[in-house]
Every structure is written in structure tokens, then in C-alpha cells.
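In listed order, ligands and their atoms are each counted from 1.
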Amino acid sequence: MKLRRVDDQIRFGLMWFNSQTPYATSRVTAEANPDVLDVNVQMELARTAEQVGFDFLFYADGYIGHGEANARIGHGEPRLSAPVWAPVAMMATSHIGVATTLHTRYLPPAVIARLGANLDRLSGGRWAWNIVPGTKDDPLIGLPPLEHSQRYAHAAEAVRAVKAIWDAGDGEVDFEGEFYRFKGSMMGPRPVQKPYPLLFNAGVSPAGQDLIASECDYGFFAVVDDLDKVRGPVEQLAARAERHGRDPLEVNLVGSIGMVVGRTGEEARERLEWIRDNLDMEAARGWAHSFLVRSKTYQDTHQGDVDEVARSVGIAAGSTVLAGTAEEVAEQLLHIHRSTGLRGFQILPLMWSVEELKAIGEVFPHLAKAGVWTAPEDRGWSW
Ligand SMILES: Cc1cc2nc3c(=O)[nH]c(=O)nc-3n(C[C@H](O)[C@H](O)[C@H](O)COP(=O)(O)O)c2cc1C
């Protein structure tokens, strides 16, 4: 079982290879990547991620794609269903955490509690739940849209309901909330991790941040070039966690960040430029549109300008992209860590191969030398 260790060392997650080109809207990256639907490819990449020192793999998920242009180049579609494919990585590895998205609006608490308990048992206590309220997919599921604050009130209640089922163990649960009322006893297996499997959420709005501060272990958001915009959320989340009676170190904010690591800095930067030059702008617009529909925060910050959003969102979903040698990238991460207080990074590789993951893994020892990273095996493979 993976234990939760509360310390100030940086954790690294890997935003998983779940479509042919998940983090660049480009045909060139889609063609260079291995076949995403090949189970052996999935297993080999997962084993490599564990060997090079990642703490967890993160499976994003959804039900509808970003548009025709995206589907044509393999961006975000076809996409692996998180709870179905995560066991492939679980079975290929022994220690790394595996986080799957499960939407609270689409799956009743008992279904989430049961899937989660089974995934936690199957992985030997290495599963984490990425809590997503759900929005973009509502029409396909056949649900009327919920207004943003209602969406988070619903998600927060769903999380309490799932925890209540896990808390009940073999006994009966009797839950009465605003959205859910249910009663009964759920059969095992039970989750391995105590008190609960690890909980992640990527909300950036005040309602999302409150859900993270009150119920979750890890929060996520995108690292942007203006580091003041990163430091703010880190400090606000720490303050919110304290208001909920928690030690701020218990709630780790993880910044998603793009990465291209090369043997020389020039090679890495040239590769990034090649990807940028080969972006499919129609697909980038499709991706930007998805963000705008899903996130109130994106709507507020990018009013009306889909093309501008598309240019930045087409690579790494608009997150900062670091390109350079392992040492150069480590220096940049160290700078971000020191100037913002961020203690976690979720890496979005623009291209996928065993070599690419090994190159990223070469960044970590430089951070160990700086005293901000400890290899997972030396931390007992803890979260
Ligand atoms: C690292 C990261 C991973 C995310 N994963 C998913 C996902 O798998 N499925 C999904 O529908 N939304 C996902 N989102 C979107 C968030 O759930 C959320 O809607 C978004 O960050 C906007 O926050 P807000 O709802 O508080 O405005 C992700 C966001 C980030 C930054």
C-alpha cells in the first residue's frame, strides 16, 4: 500500500498517454508517437515512468471529444476510458500511484465507491480518484446543465457520500443530502488505503479550491509563465486548508507543465519549435473551445478570443512548456518551486516514447542535488 507522507519534497505526476497525441494538437506528434491503443506500449511506458521516478500516473477522462479536426489527427480521440485502462498500468508496475478521473455528475456515489474500492484493491492500495464535477459532457449523458456553484455543491456532496460508503465498511450507510438520499450496505472489496484512497481535484475557481482544501490531498492547476499567477493560488490554497483545520502541507498543489528534454538545449528547443510550427490550428481551436465550455475561469480570462486561446492551448493545454537539457529544465523547475512554493508538478510530455520518459527522468537527480526531491524508493514509494 502507498502511504501518504506529508513533507516538503517535490512530487512528480505524469499526465498519461491516453490518446494518440494528448498534449499537442499536431499530426507530426501523433505520427511520431507509438500506437496508444496497444496494451504492450501502455505497459512499457508505465514501467518506465515508475523506474525513472514518477510518483503517479494521471488518467484524465471525458465522454465527448474536442471536434472533427481533433479526431482527424488523433488529438484527444480515441481516448482511453480511465477506469478501464488504468489496470493495464497497475498490472505493469508495483509502486507508482495511478489516478483515474471519475465524474461525480455521471456516476452515482455507490458506483464510484465500488469502482474505486476495486481499483484500490487491484493495485494493492495505489489508486487515486481525480474528482471532476462534469460539464462538457452533460448533453451526451442527457443531463441539464448545472450552474457553476451548484456543480461544485453537487460534487462536494458526492465526495462526502462516497466517503460515507467507504466509512460504513460492512455496515449500513444511511445518507441524506441535498442531491442524494440512499441507504444500504455495499459489498466488498473495501479500499486498501486508509482512511481513504488519495483524492485529487483540478478546480481553480473558489468553489473548486474549497473542495480541494476541505476534502482532497492534491489539487491541480496549470503553471503559466507569469509566476505571480502561480504563487497566488498556492498561497490561497494553503490559507483555505488552514481555515478547514488542516496543515497546508497536507494539501499539495500540483502544477501541470509541458516538457521537452533534449541531449542539448538547442535540440530540445528545435523540437518544440517544430511542434509549434506544425500545430493544427483547427484542432487547437477545438481544444480551446472545450476549455471555454468547461471552465468558468477560462471564460473569465479569455473572453471572446478563441484564436488567441487556441495558439497557447494547442500545446500543453496552455501551460508553460520547459525545453532544454535535463539540467536546464531542472533549474527552471527549481526557480518555479522557489518563487511560488509549488511542491508538485504534473508533466505533460509533448511526445511519447521510452526514451522521452527516460530523458525527463534525468531531470530529477538534479533536483535531488538541490535538496528538493527524494527518489520515490527512498520515501517508501509514498504519495
Ligand atoms: C491537470 C488537470 C487535469 C484535469 N482533468 C480533467 C479531466 O480528466 N476531465 C475533465 O472533464 N476535466 C478535467 N480538468 C478540468 C477541471 O476539472 C476543471 O473543470 C478546470 O480546471 C476548471 O476549474 P473550475 O471548474 O473550478 O472553473 C482538468 C484540469 C487540470 C488543470
Checklist entry - Do His103 and Asp61 meet the criterion of a side-chain donor-acceptor pair at a distance under 3.5 Å? => result no
Item to check | Check: Val354 main-chain N/O paired with Glu44 side-chain donor or acceptor under 3.5 Å | outcome: no
Checklist entry - So, is Gln346 polar-close to ligand 1, with some N/O to N/O distance under 3.5 Å? => result no
Next on the checklist: Heavy atoms only: which of Gly318, Gly13, Ala202 lies closest to atom 4 (C) of ligand 1?
Outcome noted: Ala202
Next on the checklist: If I apply the N/O under 3.5 Å rule, does Val132 come out as touching ligand 1?
Outcome noted: no
Item to check | Note: Asp280-Arg27 ion pair, threshold 4.0 Å (strictly below) | outcome: no
Item to check | Heavy-atom gap His148 to ligand 1 smaller than 4.0 Å | outcome: yes
Next on the checklist: So, regarding Ser205 and ligand 1 (criterion: nitrogen or oxygen to nitrogen or oxygen, under 3.5 Å), is there a contact or not?
Outcome noted: yes
Checklist entry - Between Val204 and ligand 1, which residue portion shows a heavy-atom distance shorter than 4.0 Å: side chain, backbone, both, or neither? => result both
Checklist entry - Using a heavy-atom cut-off of under 4.0 Å, does the side chain or the backbone of His103 touch ligand 1, or both, or neither? => result side chain
Exercise answer: donor-acceptor pairs, residues 163-171 side-chain atoms, under 3.5 Å, sequence neighbours excluded:
{"from": "Lys163", "atom 1": "NZ", "to": "Glu215", "atom 2": "O", "distance (Å)": "3.2"}
{"from": "Lys163", "atom 1": "NZ", "to": "Glu215", "atom 2": "OE1", "distance (Å)": "2.7"}
{"from": "Trp166", "atom 1": "NE1", "to": "Ala113", "atom 2": "O", "distance (Å)": "3.0"}
{"from": "Asp167", "atom 1": "OD1", "to": "Tyr196", "atom 2": "OH", "distance (Å)": "3.0"}
{"from": "Asp167", "atom 1": "OD2", "to": "Tyr196", "atom 2": "OH", "distance (Å)": "3.0"}
{"from": "Asp170", "atom 1": "OD1", "to": "Arg190", "atom 2": "NE", "distance (Å)": "3.1"}
{"from": "Asp170", "atom 1": "OD1", "to": "Arg190", "atom 2": "NH2", "distance (Å)": "2.9"}

Checklist entry - For Val192, what are the other residues in its hydrophobic cluster, where any two members join if their side-chain heavy atoms are less than 4.5 angstrom apart? => result Met1, Leu3
Next on the checklist: Taking 4.0 Å as the limit for heavy-atom contacts, which would you say applies to Tyr59 with ligand 1: side chain only, backbone only, both, or neither?
Outcome noted: neither
Next on the checklist: Checking the N or O distance criterion of under 3.5 Å, is ligand 1 in contact with Thr101?
Outcome noted: yes
Checklist entry - Aromatic ring centroids of Phe220 and Phe200 under 6.0 Å? => result yes
Checklist entry - Can you list the ligand 1 atoms lying under 4.0 Å from a non-hydrogen atom of Met15? => result 3 (C)
Item to check | Polar side-chain atom of Gln346 near backbone of Val254 as donor-acceptor pair, under 3.5 Å | outcome: no
